Amino acid sequence: MDLHFGDSKPTDEEREAVDALLGPPGSAWETAFGDSTVRSDADLRWARGGRAARERRDLLLPGLHAVNDRVGWISEGALDYLCRRLTVPPAEAYGVATFYSMFSVKPRPATVLHVCTDVACAAKGSAELCAGVEGRLGLGSGVSVERSPCLGLCERAPAALVVRAGSPAAGLGDPPPDSRSSHAGEAEKAHATAVVAPATPEAAVLAASAPETAEPEPPASLAVPQAGQPGLTLLRRIGVVDPASLDDYRSHGGYSALRRAFELGPAGVIREVTDAGLVGRGGAAFPTGVKWKATASQPDRPHYLVCNADESEPGTFKDRVLMEGDPYSLIEAMTIAGYAVGAHKGYLYLRGEYPRALRLLGNAIEQARARGLLGDDVLGQGYAFDIEIRRGAGAYICGEETALFNSIEGYRGEPRSKPPFPVEKGLFGKPTAENNVETLVNVLPILTMGAEAYAAIGTEKSTGPKLFCVSGSVERPGIYELPFGATLGELLGLAGKPGNLRAVLLGGAAGGFVRADEMDIPLTFEGTRAAGTTLGSGVVLAIDDTVPLPRILLRIAEFFRDESCGQCVPCRVGTVRQEEALHRIAERTGAAAAGDIALLREVGRAMRDASICGLGQTAWNAVESAIDRLGAYE
Amino acid sequence: MTAIPLGVPRRLVEFTLDGQEARVPEGSTILDACRAAGKDIPTLCQGDTLTPKNACRVCVVEVEGARTLAPACSRKAEAGMEVRTDTERARHSRKVVLELLASSVNLSTTPRAAEWIKEYEAKPDRFGPDAARVDEEPRVDNDLYVRDYDKCILCYKCVDACGDQWQNTFAISVVGRGFDARIAVEHDAPLTDSACVYCGNCVEVCPTGALSFKSEFDMRAAGTWNEAEQTETTTVCAYCGVGCNLTLHVQDNEIVKVTSPHDNPVTHGNLCIKGRFGYQHVQNRD
Ligand code: SF4
Ligand code: SF4
Ligand code: SF4
Ligand code: FES
Ligand code: FES
């Protein structure tokens, strides 16, 4: 590879941000071009780089984050410098930087206010919120307001997230700011994030002007109306345990599952998980034991474990609540999964919009490492395992398992075509088991209560407890845990079903609508399938008759158009054509809409049949169900 | 890849293709099998010298038991597979994909596009006059080749040819996402400010004419481009000792562009800037 770099130079601040991540450059070849002041004679004869540097390609995404966090956007100089340090061709890095919505390659204010305009928030007045915020934060306010897809705070809709770029906020153990650093003393420029939900225009503007002093978020347990109730399995520690304390976690039964795992051995763990009948909770419902066994038995090494915590399905926030309320349980579960599949490294791919989860998980990993629960010799059992957090940067598609691998590896988050499947060729081309957060957390009760007792919960084909994300027009939105098999009506009964319920969006934007009179649909994989719908990721979004349905459908279409990676034609162009047709019929019904509905169906069918990945294949589901089941546009 | 050096004999895979028994060497794609059986399936992003990205989806076929259709260009034939290439379902997807493409970009210089649009009865106009189009002005920023992304179907061939599959220059990439995705160099700069070494291998593989010789672009603009009148002569490049094969396209006794035979086992259609663009000295008549 003969790389060519432009002559744009990074600013000191940009260089600092990159060096803080990668360490100082090894030779002058890695610094900005033409920087002859630092090039020694030896540098002219010898260059570090080549394979060793190229193998750090996966630090591209963290590097882009480093610059974006510090400066607020990614300049040519910063990008080129990062490329030099990692031996990544600038064109490719530019392709990566422009793929993610949280990055900007154009100058923008240091503070960005993301206002959610997705389904749950739209139903709770995000349009008014946007208007109010924009009325107050005009040009020159130093804040850029960006409309955002679901922020995963749907129980507290409408939601907003403030991200302010700046030097890293001083934490414990950081040296005191000194005068040499270009931004010392300017406390107001420290990197900070703030979550405002439910948001009023006043509160959002206040948080945007001073995110570091914004009201703290309510504890995660407030998202769990059942918190503290007896009989919970997955949620039992939420609101009970201190999410920052490893000791507290252990005193509430933490790490007993890992001990049991070591007693059983890897094959034994896989047997338990298989016998328990655990299937993936992310939407695809694939048997976890089968996936683990297939990964464990691959001769190719190393094996990887990936936790998919890129929860971006509109209406889904259960993983966030689990990670914020009980972070150690995920760390323990990942350790068990890694042990079972023979991995020594686990990647936790966390969506970029979850600052509190990032903080708590980071702390949990550090504590676990310090106490020998991660590292070279986990629990003194001679098994080495460690976890690295990778932050996403705003791309729904990165929740697709192979797109997630590309994203971690420093490529554009485009799905790969399958076969080969991840168990054979996954992350870095190696056998990889990928599971989402809820799936992994289920492994703990399986090991502590035993496969048989676990399988006794739920139904024959859908075993165990299940989390549901209830939002929209209900009295008590939040995460609910019910055994598989409870009906939609029972769940909505707990959450406070409104009298004027019009429809329920089941499974999120990739799921489907059901009618208000279909409350006896059993919440199981087989039951929803029999009812012609899907459980998806466990979204239950209630819509009452005050919410204009066509607007919601348009929002769903817009969501998929925005989030298509653009790789394949049916999805890239099909989502656009569908949104156009929905715009045309937004105010029309009956015969006036019939032509466009036929068009929607034809395009939708090709998208479902011919798209590369699940995004394009399911993008038409919700709208189709609204037409067929709810009689939208009749 | 056309020129396959003789290697270890490969096992044969048996499967059914449109109800007929088919036997192909292990590792062959469904498309290879179709072509061997004389079946014509439309393809756009598949190229004879590249690993297909399977992004265009015009080649989809039905595989028994699969939830979705499969891209014939990259799905390997497996023993016992039952493949149907011409079902209503597959034809429907091909038709819609052609409509989606033709309604968003200019396929006027894409070989066979018009023929397929007719065959599949695709009606790109039915999305209405306001259907979003790529709408890009041609980028003419150097004397060698023109980038007209209004014709680009994002097949990724140029990216692969410039990148790890042939040239290893990595001057171009897909940037942005969704409908806004485009091919661009770093920072979306002019080509002259990029890492491009003007080998033109991207032009060689582009299936739509989105990348074309400046000479061809100018002649088309002037209305003087006439492929029917052109002769093609394959010869050996005289610039250096590598000895690549060049195909000279000549119209009116002038070289109008240079390509390279894809079945050459050494170069597979790739050249360097001198072989590809350095032909003016031949016709310097002063
Ligand atoms: S001419 Fe060669 S180097 Fe330039 S973009 Fe095309 S393939 Fe890459
Ligand atoms: S420019 Fe040509 S080769 Fe490149 S992606 Fe577009 S159509 Fe394909
Ligand atoms: S095309 Fe380039 S590499 Fe090939 S023979 Fe000519 S000068 Fe040499
Ligand atoms: S946070 Fe707004 S829809 Fe989920
Ligand atoms: S030719 Fe097969 S997907 Fe493009």
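Each chain gets a letter, A, B and so on, in the order the sequences are listed, and its residues count up from 1. Predicted, not measured: the structure shown is a model, and the values here were computed from it.
- With a 4.5 Å cut-off on non-hydrogen atoms, B:Asp193 touches chain A through its backbone but not through its side chain.
- Counting heavy atoms from C-beta on, the side chains of B:Glu136 and B:Arg147 never come closer than 4.5 Å.
- A side-chain N or O of A:Thr117 and one of A:Arg555 form a donor-acceptor pair less than 3.5 Å apart.
- If you measure heavy-atom distances from A:Gln567 to chain B, the contacts under 4.5 Å come from both the backbone and the side chain.
- Residue with the most contacts toward chain A among B:Gly128, B:Ala132, B:Ala184: B:Ala132 (heavy-atom pairs, distance under 4.5 Å).
- Neither the backbone nor the side chain of A:Arg416 comes within contact range of chain B; no heavy atom of the residue lies under 4.5 Å from a heavy atom of that chain.
- Rounded to the nearest 0.5 angstrom, A:Arg147 CZ and A:Asp118 CG are separated by 13.0 Å.
- One finds a salt bridge joining A:Arg577 and A:Glu580 here, because a Lys/Arg side-chain nitrogen approaches an Asp/Glu carboxylate oxygen to under 4.0 Å.
- Only the backbone of A:Ser611 comes within contact range of chain B, with heavy atoms under 4.5 Å apart.
- Between the side chain of B:Arg133 and the backbone N or O of B:Asp130 there is no donor-acceptor pair closer than 3.5 Å.
- At a 4.5 Å heavy-atom cutoff, A:Ala93 makes no contact with chain B through either its backbone or its side chain.
- Heavy-atom distances place no part of A:Phe560 under 4.5 Å from chain B, backbone and side chain included.
- With chain B as the partner, the residue from A:Thr575, A:Asp596, A:Val96, A:Asp80 showing the most heavy-atom pairs under 4.5 Å is A:Asp80.
- Comparing B:Val159, B:Asp164, B:Leu101 by how many heavy-atom pairs each has under 4.5 Å with chain A, the most go to B:Leu101.
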Apply salt bridge (charged side-chain N to carboxylate O under 4.0 Å, His left out) to the pair B:Lys95 and A:Glu602, showing each step before the final yes or no. CA-CA 10 Å; B:Lys95 172 186 115 169; A:Glu602 281 204 35; 3.4 Å; yes
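- Residues of residues 68-84 of chain B lying under 4.5 angstrom from chain A, judged on non-hydrogen atoms, are B:Thr68, B:Leu69, B:Arg75 by number.
- At a 4.5 Å heavy-atom cutoff, the contact between A:Lys418 and chain B is made by backbone atoms alone.
- Contact of A:Val603 with chain B is made through backbone and side chain together, with heavy-atom distances under 4.5 Å.
- Using a 4.5 Å cut-off between heavy atoms, B:Val60 contacts chain A through its side chain alone, with no backbone atom that close.
- Considering only heavy atoms from C-beta on, A:Trp620 comes within 4.5 Å of A:Gln578 through its side chain.
- Using cut-offs of 30° and 60° on the angle between ring planes, the pair B:Tyr198 and B:Tyr145 is perpendicular.
- Per-residue heavy-atom pair counts under 4.5 Å with chain B were compared for A:Cys83, A:Cys571, A:Pro90, and the maximum is reached by A:Pro90.
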Do B:Lys53 and B:Asp160 pass the salt bridge (charged side-chain N to carboxylate O under 4.0 Å, His left out) test, and can you show the C-alpha distance, the side-chain angles, and the key distance before you say yes or no? CA-CA 9 Å; B:Lys53 181 76 179 171; B:Asp160 289 344; 5.9 Å; no
Can B:Thr267 and B:Asn270 be said to form a side-chain hydrogen bond (donor to acceptor under 3.5 Å, both in side chains), step by step? CA-CA 5 Å; B:Thr267 56; B:Asn270 295 288; over 6 Å; no
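- Interface remark: B:Asp188 contributes backbone and side-chain atoms alike to the contact with chain A (heavy atom separation under 4.5 Å).
- Of the atoms belonging to A:Arg412, it is side-chain heavy atoms, and not backbone ones, that fall under 4.5 Å from chain B.
- With a 4.5 angstrom heavy-atom cutoff, B:Arg94 does not touch chain A via any of its atoms.
- Atom CD of B:Gln165 and atom NE2 of B:His268 lie 12.0 Å apart (nearest 0.5 Å).
- Judged by the 6.0 Å distance and 45° axis criteria, A:Arg57 is not positioned over the aromatic ring of A:Phe428.
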side-chain contact (heavy atoms from CB on, under 4.5 Å) between B:Cys155 and B:Leu44, worked out: CA-CA 7 Å; B:Cys155 69; B:Leu44 284 166; 5.9 Å; no
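- With chain B as partner, the option from A:Glu92, A:Arg605, A:Glu414, A:Arg608 having the largest number of non-hydrogen pairs under 4.5 angstrom is A:Arg605.
- Residue A:Gln617 touches chain B through its side chain alone, counting heavy-atom pairs closer than 4.5 Å.
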Is there a side-chain hydrogen bond (donor to acceptor under 3.5 Å, both in side chains) between A:Ser148 and A:Glu146 once you walk through the steps? CA-CA 6 Å; A:Ser148 159; A:Glu146 291 182 8; over 6 Å; no
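- Contact count versus chain A (heavy atoms, under 4.5 Å) is highest, among B:Val185, B:Leu154, B:Asp180, B:Ile153, for B:Leu154.
- Interface summary for chain B: among A:Pro570, A:Gly413, A:Ala97, the most heavy-atom pairs under 4.5 angstrom belong to A:Pro570.
- For A:Arg588 (side chain) and A:Ala593 (main-chain N/O), no donor-acceptor pair under 3.5 Å exists by modelled atom type.
- The heavy-atom pair separating B:Thr85 from B:Ala90 by the smallest distance is O-CB, 4.1 Å.
- Contact annotation: the side chain of A:Pro149 never approaches that of A:Asp562 to less than 4.5 Å [non-hydrogen atoms, C-beta and beyond].
- If you tally non-hydrogen atom pairs under 4.5 Å between each of B:Ala189, B:Ala181, B:Ala131, B:Ala66 and chain A, the highest count goes to B:Ala131.
- Residue A:Leu79 touches chain B through its side chain alone, counting heavy-atom pairs closer than 4.5 Å.
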